Amino acid sequence: MSLFITFEGIEGSGKTTQIKYLEAHLRKKGFRVVLTREPGGTYLGEKLRSLLLKGKVKIWPYAELFLILAQRAQHVEEVIVPSLSEGKLVLCDRFSDATLAYQGYGRGIDLNLVKNLNNIATKNVRPHLTFLIDCDVDLSLKRRGKGRDRFEREEREFHERVRNGYLSIASSEPDRIKVIDGNKKKEALKREIIATVEEIILRHGIH
């Protein structure tokens with residue numbers, strides 16, 4: 001059996017660090033692991049990632065949404081579905097929940113529209129487990145360094161909307177989304193995440 005795990009959270013939540021910890025742990029245990037990210041994950045995805053995060057051109061909300069969905073459709077076809085069909089454990093740094101949180105709640109695009117377009121782009125592929133690493137916006141702001149990308153440069157109110165959006169998504173799908181307190185120290189987060197994944201692996205007999 002394959003396993004698709006995603007990590008979500010606002011900027012500076014620590015999700016990228018934690019997904020790498022989990023990858024290292026699973027590889028050490030002998031699992032075949034694919035670590036990927038969004039935007040990105042494919043040649044096309046990485047090109048669009050550069051445009052979305054680092055590009056100087058102004059991107060309007062709907063254009064931003066369509067670019068993200070385009071890279072996701074490519075990512076699902078090229079990386080995620082083939083890896084899952086081979087029985088690999090797929091770890092993805094952001095996926096469809098991010099689009100609902102950022103472009104839906106953050107940008108104000110109709111949530112039902114975002115959900116429907118997401119379903120088309122993903123062919124209804126959904127994570128088995130999602131870790132939402134939640135931290136307050138003040139901590140998020142403190143953790144951001146120099147050279148901020150387009151999303152990191154957004155006003156505080158935008159990040160508040162995104163965070164609240166994430167929490168709303170999590171409350172609607174408690175069986176899939178596990179909310180982790182991102183204000184904890186890295187090692188405590190690492191232990192909690194690994195314990196959760198190991199319990200699922202044991203329960204489903206994944207090897």
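Computation of the quantities below employed the complete heavy-atom set of this structure, encompassing side-chain atoms and omitting hydrogens, waters and symmetry-equivalent molecules. On a predicted model such as this, the values are computed, not experimentally measured, just so you know.
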Kindly write out the residues that satisfy salt bridge (charged side-chain N to carboxylate O under 4.0 Å, His left out) with [X], not counting sequence neighbours, or none if the list is empty.
| X | value |
| --- | --- |
| Arg176 | Asp97, Glu173 |
| Glu187 | none |
| Glu38 | Arg72 |

Pair Phe4 + Phe95: ring centers closer than 6.0 Å: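 Yes, close enough.
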In the structure I gave you, are the side-chain heavy atoms of [X] and [Y] within less than 4.5 Å of one another anywhere?
| X | Y | answer |
| --- | --- | --- |
| Ile206 | Leu89 | yes |
| Leu3 | Ile200 | yes |
| Val34 | Leu91 | no |
| Gln71 | Arg49 | no |
| Arg107 | Tyr62 | no |
| Ile120 | Asn116 | no |
| Ile68 | Gln103 | yes |
| Leu167 | Asp134 | yes |

Would Val179 and Tyr166 count as a side chain to side chain contact (heavy atoms under 4.5 Å, CB included) if you check the C-alpha gap in whole Å, the side-chain angles of each, and the deciding distance to 0.1 Å? CA-CA 10 Å; Val179 181; Tyr166 267 131; over 6 Å; no
Side-chain heavy atoms nearer than 4.5 Å, only ILVMFWY residues, links allowed to pass through others: does that put [X] and [Y] together?
| X | Y | answer |
| --- | --- | --- |
| Val79 | Val81 | yes |
| Ile109 | Tyr102 | yes |
| Ile201 | Phe131 | yes |
| Val90 | Tyr21 | no |
| Phe151 | Leu51 | yes |

CA sep, side-chain torsions, deciding dist, call: Lys29, Glu198, side chain to side chain contact (heavy atoms under 4.5 Å, CB included): CA-CA 10 Å; Lys29 292 283 187 177; Glu198 286 188 336; 3.6 Å; yes
Testing the basics here: between [X] and [Y], what is the closest heavy-atom pair and its distance to 0.1 Å?
| X | Y | value |
| --- | --- | --- |
| Gly106 | Val162 | CA-CG2, 3.9 Å |
| Leu53 | Pro39 | CD1-CG, 4.2 Å |
| Cys135 | Gly12 | SG-O, 4.2 Å |
| Ala170 | Leu132 | CB-CD2, 3.9 Å |
| Thr122 | Ser96 | CG2-CB, 4.5 Å |
| Ser85 | Pro82 | OG-O, 2.7 Å |

What distance do [X] atom [atom1] and [Y] atom [atom2] have between them, rounded to the nearest 0.5 Å?
| X | Y | atom1 | atom2 | value |
| --- | --- | --- | --- | --- |
| Leu69 | Leu117 | CG | CG | 5.5 Å |
| Cys92 | Ile19 | SG | CD1 | 6.5 Å |
| Arg94 | Thr36 | CZ | OG1 | 13.5 Å |
| Ser13 | Arg163 | OG | CZ | 11.0 Å |
| Phe158 | Ile10 | CZ | CD1 | 10.5 Å |
| Lys123 | Asn118 | NZ | CG | 15.0 Å |

What residue pairs, at least two apart or across chains, pass ring pair (Phe, Tyr, Trp, His ring centres under 6.0 Å) with a residue in residues 26-48? none
Salt bridge or not for [X] and [Y], using N-O below 4.0 Å?
| X | Y | value |
| --- | --- | --- |
| Arg37 | Glu46 | yes |
| Asp138 | Arg156 | yes |
| Glu157 | Arg161 | no |
| Arg150 | Glu64 | yes |

Which atom pairs, donor and acceptor, lie under 3.5 Å between side-chain atoms of residues 189-197 and protein residues at least two apart or in another chain?
| unit_1 | atom_1 | unit_2 | atom_2 | d |
| --- | --- | --- | --- | --- |
| Glu192 | OE1 | Lys184 | NZ | 3.3 |
| Thr196 | OG1 | Glu192 | O | 2.9 |

Result of checking Glu8, Lys20, Gln18, Lys15 against Asp93 for side-chain contact (heavy atoms from CB on, under 4.5 Å): Lys15
Has the side chain of Gln74 got a donor or acceptor atom that lies under 3.5 Å from a matching backbone atom of Gly45?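 Not confirmed, Gln74 side chain does not pair with Gly45 backbone.
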Has the side chain of Ser168 got a donor or acceptor atom that lies under 3.5 Å from a matching backbone atom of Asn164?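 No; zero donor-acceptor contacts below 3.5 Å.
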Listed partners of Thr6 passing side chain to side chain donor-acceptor pair (under 3.5 Å), at least two apart: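 Listed in chain order: Thr130.
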Could you go step by step and tell me if Leu26 and Leu22 meet the side chain to side chain contact (heavy atoms under 4.5 Å, CB included) rule? CA-CA 6 Å; Leu26 292 173; Leu22 179 60; 3.8 Å; yes
Asn112 and Asp110: side-chain donor and acceptor closer than 3.5 Å?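 Result is no, nothing qualifies.
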